Amino acid sequence: MSMYLKSLELAGFKSFAKKSSLEFNSPISAIVGPNGSGKSNIAEAFRFVLGEQSIKSMRGKKGEDLIFNGAGDGGRANRASAKLTFDNVKRLLPIDFDEVVLERVVHRDGVNEYLINGSLVRLKDIIELLASAHIGASGHHIISQGEADKILNANLRDRRSMIEDALGLKIYQYKKEESERKLEKTDQNIKEVESLRREIAPHIKFLKKQVEKIERAMEMKRELIALYKEYFKREDVYLKKEQDSILHDRSKPEAELSELGDELRRLKDVVSQASQNESRSPELLALEEKIASVRMDKDATTRELGRIEGEISYLKRSIAKKNEELNKEKTKTVFLVDVESLYQEIDEKIRQAEGSEDIGFIKSIFNNLRELVTGFISKNKTKNDDSATADFEKELEILSSDKHSFERKLAEIREEEQSLSKKYDVIKDEIEKNKDQNVEAEKAILRIMTRQNELHSQMASITARHEKISLEKEDFERELHEAAMLIGREAINYDSVVLEEVGEDRHAQLERKRTIERIKIRLEESGIGTSEDVMKEFKEAEERDIFLAKELSDLETSGAALRQMIVELTEKLDTEFKEGVRKINDEFHKFFVLMFGGGAASLKVVREKIRRRKSAEEIEALERGEIEEMGDDETEELGDEGLDIEVSLPRKKIKGLVMLSGGERALTSIALLFAISQVNPPPFIILDETDAALDEANSRKYGDMVENLSKYSQLIVITHNRETMSRAGILYGITMGSDGISKLLSIAFDEAVQVAK
Ligand code: ATP
């Protein structure tokens, strides 16, 4: 067999004030000594170094109680330490050292230190290390004094737990409990996550609706962008084309109008010239008036002359009548001198006439001549006779003179009339001539103005078109601005748009614009302002939900795994436990028969019956007849599985533990303990006076069993029993002097028997 325990070293631990060391180089080591010498302290030192946390199980109240407290004149220690050395060549403990030293130190302030091979570790590390080697602090392998029948006294459940521990099933039990804890935690987490999801669900739903709205809006936006781009492109093309066409259409009439304007100005000059001619008509009028007045003068003068001539002719006729009377004087002779003087006068007058070209004047000369001659004649006539004739002649002379002057005046008037008439004709002619020119110009002006009207109306329609286009262009610019504001620059980058049907009907474009307006209104109505925030929030919320869903599914998976594991562990525990119990029962029976020389003993798996008071609900349910009556005011139900012990002693009728004597109890429990240890041998077992109650015969049997057991586990027995001592390969004697300090010494068997007493 292999031995794993090498040594135990104590310092300041309880009564072991000084450093004391025990070597365990034998399968059975015995510790002997008188009562109160400190033997049990050694068993407790084992518990201590293996990590026991219950101070009570080491007979103390607090950590400090484990430290040597001084006795008599011995000073107290500041720390208690126990150091346990394992042989680990076979790797009993899963660390890569051939020797493992566990050490625990407790200080007066209650602080504990744990060390593995001199390195500070946590308690957990110690427990884990030992558990893997089927060693535990409060384990089944350290049977303290008076504890042997603990297993007999325990209730069903505790007994089961002890057997599980001994069978090495605790590890599964821990795992199961851990899984259950984890499962509980997982279920709680599931509930929390579910409640979280429930909590955020309405918000996500709300956000989702928002997002759907936004997505619809975005779809509308995309549609709008496409429409806008095409619309803008077409509008741009349309406007440019229309503007070009207007420019083109305008150029011809404009040029013509400008030409016509020039022509018109020229013609208007002509006309204004004519109107200057027109201004001569007052001159003409004045001339006409003058001529009229001259003519009136002429008429008056002519009338006057006619009257004078009438008078003259009357006078002449009167004179002729008179002359006839005077005919007789016709042969009258005149003096030559008188004739010559007459001649001189005549000659003078003729000379005057000859010097003039004025016909009037010449004519008047003729008159003068006539008057001279007649004057001469009448002078030479008989004066007395022709007084009447002379009066006539005188009057005639005056009249003739008047007549001459009127004739001159008339001649002058005629001359004036002629000259005025001539002047008038000249002006009249000019006016007439200008009038003709004017008429031509005015006709042309009329023609030009008609054409101008035509052209102006043409231009007006072009201007109207231009105004329309300008408005459309303004609209276009406003729409661009609007689109940029509403959707962004994307909507107005229409340069790259390639139009498929270039010559599309304008109507289609207007229809497109109406569609744009419709979508725009719908988009505005959808009222999605801070869409990015909502999208982000939704994304986050959704991610969170997905995360939670994932977490939930993870939790459910791990929950299921845990449940499965619990089922498996439960099954494993159950089958191994039952299998273990079966094996223990075999050994138990054998040991029992060996100890008692017959009879029977076994462990029995039973279900605990729990009696408890009925609950108020149950009483109510009973009253309603929903459940059946079972007892007065208590009810019974089945609890967990536990272990019962059945014994039957040979040659005795008694059955059951309660009836056993103290010795029988001790034998039974030893049989059970050894059976258990046999089935699943721990590396070492410490038995503190387990043999105390045995008589000599049974002590021998006990010694045999100890020897048998030591084939599987290293044994450390604390005993007063001679028989037991005799089986040990090494013996330690402990004594305590008056100083209250335990002393340790290796001794021979004979000495031991002495020491133990
Ligand atoms: P028995 O054979 O009667 O069972 P034992 O040999 O097992 O006795 P223990 O119970 O191990 O004796 O030792 C008890 C002794 O240890 C007592 O005398 C007690 O005074 C002493 N002791 C316990 N704790 C301390 C301590 N902290 N300091 C000093 N001595 C202590």
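When a ligand or atom number is given, it counts from 1 through the structure's own listing order. If you're wondering where the values come from, they're calculated on a predicted model, not measured in any experiment.
Under 4.0 Å from ligand 1, not a single heavy atom of I718 appears. For R76, no heavy-atom contact with ligand 1 is shorter than 4.0 Å. By the criterion of a heavy-atom distance under 4.0 Å, the backbone of I67, and not its side chain, is placed next to ligand 1. Contact annotation for P34 and ligand 1: only backbone heavy atoms (N, CA, C, O) come within less than 4.0 Å of the ligand.
The shortest N or O to N or O distance between G33 and ligand 1 is not below 3.5 Å. Note: no N/O pair closer than 3.5 Å links L66 and ligand 1 by distance alone. Ligand 1 has no N or O atom lying under 3.5 Å from any N or O atom of G740, backbone or side chain.
Every atom of ligand 1 with a heavy atom of E689 under 4.0 Å away is listed here by number and element: 1 (P), 2 (O), 4 (O). Close approach to F68 involves these atoms of ligand 1, each under 4.0 Å from a residue heavy atom: 28 (N), 29 (C). In the vicinity of N69, heavy-atom distances shorter than 4.0 Å reach the ligand 1 atoms 26 (C), 27 (N), 28 (N), 29 (C). Listed by number with element, the atoms of ligand 1 under 4.0 angstrom from any heavy atom of R59 are 9 (P), 10 (O), 11 (O). Ligand 1 places these atoms under 4.0 Å from at least one heavy atom of D65: 27 (N).
A salt bridge does not link E568 with K572: none of the charged nitrogens is closer than 4.0 Å to a carboxylate oxygen. Electrostatic pairing of R582 and D586 counts as a salt bridge here, judged by a charged N lying under 4.0 Å from a carboxylate O.
Counting heavy atoms of neighbouring residues, nucleotides and ligands inside a 6.0 Å radius, atom NZ of K743 exceeds 12 of them. Heavy-atom neighbours of E184 CD from other residues, nucleotides or ligands within 6.0 Å: at or below the threshold of 12. Around NZ of K6, the count of heavy atoms belonging to other residues, nucleotides or ligands within 6.0 Å exceeds 12.
Ring centroids of F13 and F48 are separated by less than 6.0 Å, placing the two rings close together.
At a 4.0 Å cut-off, not a single heavy atom of E44 sits close enough to ligand 1 to count as contact.
Taking 4.5 Å as the limit, every side-chain heavy atom of S15 sits out of range of all side-chain heavy atoms of I741. The side-chain heavy atoms of P683 and L5, taken from C-beta on, include no pair separated by under 4.5 Å. Taking the side chain as every heavy atom from C-beta outward, F86 and E99 never approach each other to under 4.5 Å.
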